[in-house]
Each structure stands twice: as structure tokens, then as C-alpha cells.
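Working notes for the structure below.
Order of the sequence lines sets the chain letters (A, B, ...), proteins ahead of strands, with each chain counted from 1. Predicted model, so just to flag it, every value in this text is computed and none were measured.
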Protein chains: 2
Amino acid sequence: MNQHKEGEPDDRKPSRKIADELRHAIETGELAPGSKLQSERELAEKHGTARNTARAAIQLLAEEGLVTPEHGRGVFVRKQQPLIRLGNDRYSHKYRGTGLSPFLLECAKQGKTGRFEVLSIERIQPPADVAERLGVSDKTKSVLRRENVFWADDDPVQRVTTYIPWTLARGTGLLQEDIPHQYGIHGVFEDKGHVMHRIREEISARMPRAEEARHLRTPPGVPVIDVLHTSLDQTGNAYELTRFVMRADMTGLLYDVPVE
Amino acid sequence: MNQHKEGEPDDRKPSRKIADELRHAIETGELAPGSKLQSERELAEKHGTARNTARAAIQLLAEEGLVTPEHGRGVFVRKQQPLIRLGNDRYSHKYRGTGLSPFLLECAKQGKTGRFEVLSIERIQPPADVAERLGVSDKTKSVLRRENVFWADDDPVQRVTTYIPWTLARGTGLLQEDIPHQYGIHGVFEDKGHVMHRIREEISARMPRAEEARHLRTPPGVPVIDVLHTSLDQTGNAYELTRFVMRADMTGLLYDVPVE
DNA sequence: ACTATGAACTGGCTTGAGCCAGTTGGACTG
DNA sequence: CAGTCCAACTGGCTCAAGCCAGTTCATAGT
């Protein structure tokens, strides 16, 4: 149980020592996922340290994402749930016109109820990175922005922001809230001569901004995956851009693509 | 500068108040990337709090990835560097046999010197997820594992672990340390009748495990991107598997793929 | 011109005390 | 029996003090 070799002086800081011991117990399954740790006060007494020190140890584990403290209840070993995997096939032709949403299908596959919520639909001035990728030169309120949040049961899972050049979006009904995200809108683009031919997705990960953490209710120690998606038509023209900000503890990505 | 509305009582915790003020200064550019914050002791005195409280504020920002404390030097606003973007075209035929490595090319593009280091090459018993995806049923030391670390200048950037069924790897020279990662090895597979036809990549993000944080020297508040790559031949057979663990503050992914 | 020393700064970590705010479950009340 | 209330638990946060360990740089000694 104790990590240090006999004979050698153990010069680890007390907080690290407690953290190492707990981590070891978690990794060996001695502390099962979902189970409750000893309370801060108990840990402190057991190791002969101040409560602050036990607390620091727990924070170390929380930062690694191993553990989630819950105010008034205790500290729990995080159980990693199966990820909702969004694949590049979510834009596949096979879904077009079926009314099926890959996100909702994935939720169903895991016995969860998926839904989405429209935060806002506005005609705005695009941020620089969006304007650049959409090739929008005139910046004055030239894009339609639609902001959705997707839920699985009672957890917000991803925030989806779609940008569409206003010239494409005008008079299409895209302002209506009952169009289920981008899965229902691609017909509109085809009517205007833009058939989705390729997609380009720039992926990065980071800790959530304060506002994103509020929206997505991410526990501490959970990063987000940030996907900047661009839809290209046959001529390589970008006609639609979507930014996904996804909770990394609930979602993942899957690409199954040909080698070119 | 102060975030709270006049007249209303400001019931934010002192640590959050300090953090909010600093965050605001960072977001407005008042505190430029790379610049040094006031010391913990100064911040504490300025806000009339204990040093612990100023310290807690800084830790909040560090968890968000806005700031990096450096022992003995100070706390600095993190400057986000351009990401080294690895695309799905890194497996493209255009690189085959050229000796060019997309990773090293990306480094060069940013004026950095890329190199790689071989941690280990061993014949081992595969972990369950690897065995499953490779379709290896006999688990006894049936795969070759090769572990590399890629560097850009003096920063470790990604840890790359390649698994190859031993039946494929035997007698191929893959045990040699001077083969530059997987970029040089695909010819071997073609000799054995496995031409790379599709790739399948499962992507997730998380905080680094303690050991990964040591290897990659990730500052606190920096997650890793975890990519499980599988190479498939014409018959859909998985003949090679590679796991990338990448520092999210230095690397990103790019997929430019056809819609099928 | 070089090197060694050390003071004065930085963050890292701990102590032990206290109060606040959610949560839980049992006892008491209608 | 259903509800209310409260004690005892949980983590959240703060204080004021102290010591340790890196870093930096001016100064003193070669």
C-alpha cells in the first residue's frame, strides 16, 4: 500500500504521499469507481496531517480527473462512462433526408435520452477566424449564427455553434428554432447549389473557459474538445462552419477515412 | 476593472474576486501573453487577503490554462503557441518512400527543430483494447511494441506507441532503433501484402496520467489528446495500431476527408 | 575577466484554527 | 403516515504564520 522503498528516506511531500496512496488504491480497483473516499478530516487524521494537506492531496487527484468532490456529500472516484462517439460519417449521405440525428442515435445506443436546446439565432458580425474560413470579406452582420446545446439525459454534452453566410441563409427558414441543428439544414444548401463534398475539421483540446464550464457543467479536471468544422462543396468552397465544444468526459470522435 | 455591479453586495469569495480581476486583465490584453503577474504576496496585500487566498486565485487560473506558475520566477500569462497540426494526410501516399516525416515538416514550418527518441522496443503481451482491435487472439507476447517520444526544440510533444502483430514484425528490422517511427515502416507491410487502405482513429481528451505528465512535462491545466489509430488494408484487416498521446497546448489534429 | 557567495526575491507546501454551506437521516410533530 | 426540523456529517474557503526550495543578480574574492 505504501509506495516508498524500504530503507530510503521518503522525501515526498505529505500531500503527494496521500495522493499517491489514493491513486494507487484507485488504479488497483481497491477503491471502485463511484465509491466514496474517506472524508478530508479522516484522511488528515489517519496520516497525521492538517486537513488542508489532505485537501490538497484530493485536489491533485481532482486535477488528474480521477476523483470528483461533491459539496456536502463526499469525494467520489469518477467512473468513466462510455463516450458518445461522433464520427465523420455523421455527415454521410445515408443520413440525409432521413430525419435521423447521429447524436441522438448514439445517445439511444447507450440508453440515454438525447435532446437539444436552441440558445440563440442571430445575424451577427463574424469573428475573425470564422470570417477567414468562410471567405466572408464584408464583415457587417454578414453571417447567421445559431447556438445549440445538446443534452444526454440531464447532462449538457456539447455546445454547437453554426455560422452560415447571410447570403445563403436569408429566406430559408433557418431562423426557425424547430430545425434540429445542422442535420436538417443541408437540403437548403443543396437547393442553392452547394452539395457537401468534403469536410475539414480542426481539432484541439483545452480546459473550458469559465463560461463554457458553466454551460457544460464540467467537473474540475475535465477538458473540452474543440472542433472547428467546415463544409466544402464540389468546388472547394466553404459554405458553412460549425464549432463544437464537447465535454471530453462524455464524448469522443471517430474518423474512418480512406488513405488518399 | 472591478467586475461587480454598483449597489449590489459583492458576495463572491475573495479568491474568485481576485481570479476574475486577473482573468479580465488577461482577456483584455492588459496583461499580455508572456508577462509576469504580481507576486502572490503583492496580490494578497493589494486585496487585503492572506497569501493563501491569492494563491488559490492563481490556481483557479492555472486550472483554466490561462497562467503558468514557475517556481522561483513568478506566474506568467500563458502564450498560446501555434499548434503543430497533424492531418490525416500524414499517412498519404505522397509521403511514402520519400523519407519525409509530416511531424518534422510541421516543426520546420514553425522554425522548430523536431526530433524523436526511442524509449523502448519490446515484444509483449498486448493490452486488451489493443488485442481486440488488432484481432490478436493469442495473447502470449504476440505483439511488438515500440514507444517513441517526439520533441520540438526542447519540448516533448507527443508519445507514440506502436503495436504490430509479432507474426508481421518478425525478421523485418523493425526492432532497429534507427527506423524513424512509423513513417519508415509501411513498406514492410506492403511487402507482406498489407497496403494501407483506410485509417480509423478514435479520439478523446483527458488530463494526463501522472506518468504521462512527467514524460511530456505538461504544465498544470494542459490536457492531452489521446488518439487510437488503426491502419486497415484492402480487406478491412487491422494490421497495425498506434496510440498517440499529445500535449494539447502544442498539437492539434486536422482531418480533410471526403463525405461518403 | 572569471567565479563563488549570498541576500532578496519568487512560488511550494504545511500547520491548526475557524466559519460557511450543502446533504443526510433520524426524531419529533401534526 | 407525511411532513418538518435539526444535529451531525460532508466539502469550500479563509486566515496568519512559518519554513523550504528554486531563481536572480549584485558583490566580493580570486
Send over the distance from [X] [atom1] to [N] [atom2], rounded to a whole Å.
| X | N | atom1 | atom2 | result |
| --- | --- | --- | --- | --- |
| B/Ile18 | D/dC13 | CD1 | P | 13 Å |
| B/Glu45 | D/dA16 | CD | C1' | 14 Å |
| A/Lys13 | D/dG22 | NZ | C1' | 11 Å |
| B/Glu63 | D/dG12 | CD | P | 12 Å |
| A/Gln59 | D/dC13 | CD | C1' | 12 Å |

By nearest nucleotide on DNA chain D, pick out whichever of B/Pro14 and A/Ile58 is the more 5' one.
A/Ile58

Qualifying residue, where the test is salt bridge (charged side-chain N to carboxylate O under 4.0 Å, His left out) with A/Asp226 and the options are A/Arg159, A/Arg243, A/Arg209
A/Arg243

When the ring planes of B/Tyr255 and A/Tyr255 are compared, do they come out parallel, tilted or perpendicular, using 30° and 60° as the limits?
parallel

B/Val224 and B/Met246: side-chain contact (heavy atoms from CB on, under 4.5 Å), yes or no, with the steps?
CA-CA 5 Å; B/Val224 293; B/Met246 321 189 316; over 6 Å; no

Run the side-chain contact (heavy atoms from CB on, under 4.5 Å) check on A/Thr113 and A/Trp151 step by step: do they pass?
CA-CA 8 Å; A/Thr113 309; A/Trp151 299 70; over 6 Å; no

List, one per line, each side-chain donor-acceptor pair under 3.5 Å for residues 213-223 of chain A, sequence neighbours excluded.
none

Flag the pair B/Leu119 / B/Glu117 as yes when at least one side-chain heavy-atom distance between them is below 4.5 Å, and no otherwise.
yes

Contacts of A/Arg16 and B/Pro69 projected onto DNA chain C by closest heavy atom; the upstream (5') one is B/Pro69

Row check, B/Phe244 ring normal vs B/Arg90 NZ/CZ: under 6.0 Å, within 45°
yes

Stretch residues 49-57 of chain A: residues that reach within less than 4.0 Å of DNA chain C through a heavy atom
A/Thr49, A/Ala50, A/Arg51, A/Asn52, A/Thr53

Walk me through it: do A/Gln110 and A/Ile84 pass the test side-chain contact (heavy atoms from CB on, under 4.5 Å)?
CA-CA 8 Å; A/Gln110 292 180 20; A/Ile84 298 174; 4.1 Å; yes

Between N or O atoms, less than 3.5 Å apart, protein on one side and nucleotides 7-10 of chain C on the other: list the pairs.
unit_1 : atom_1 : unit_2  : atom_2 : d
C/dT10 : OP1    : B/Ser39 : OG     : 3.3

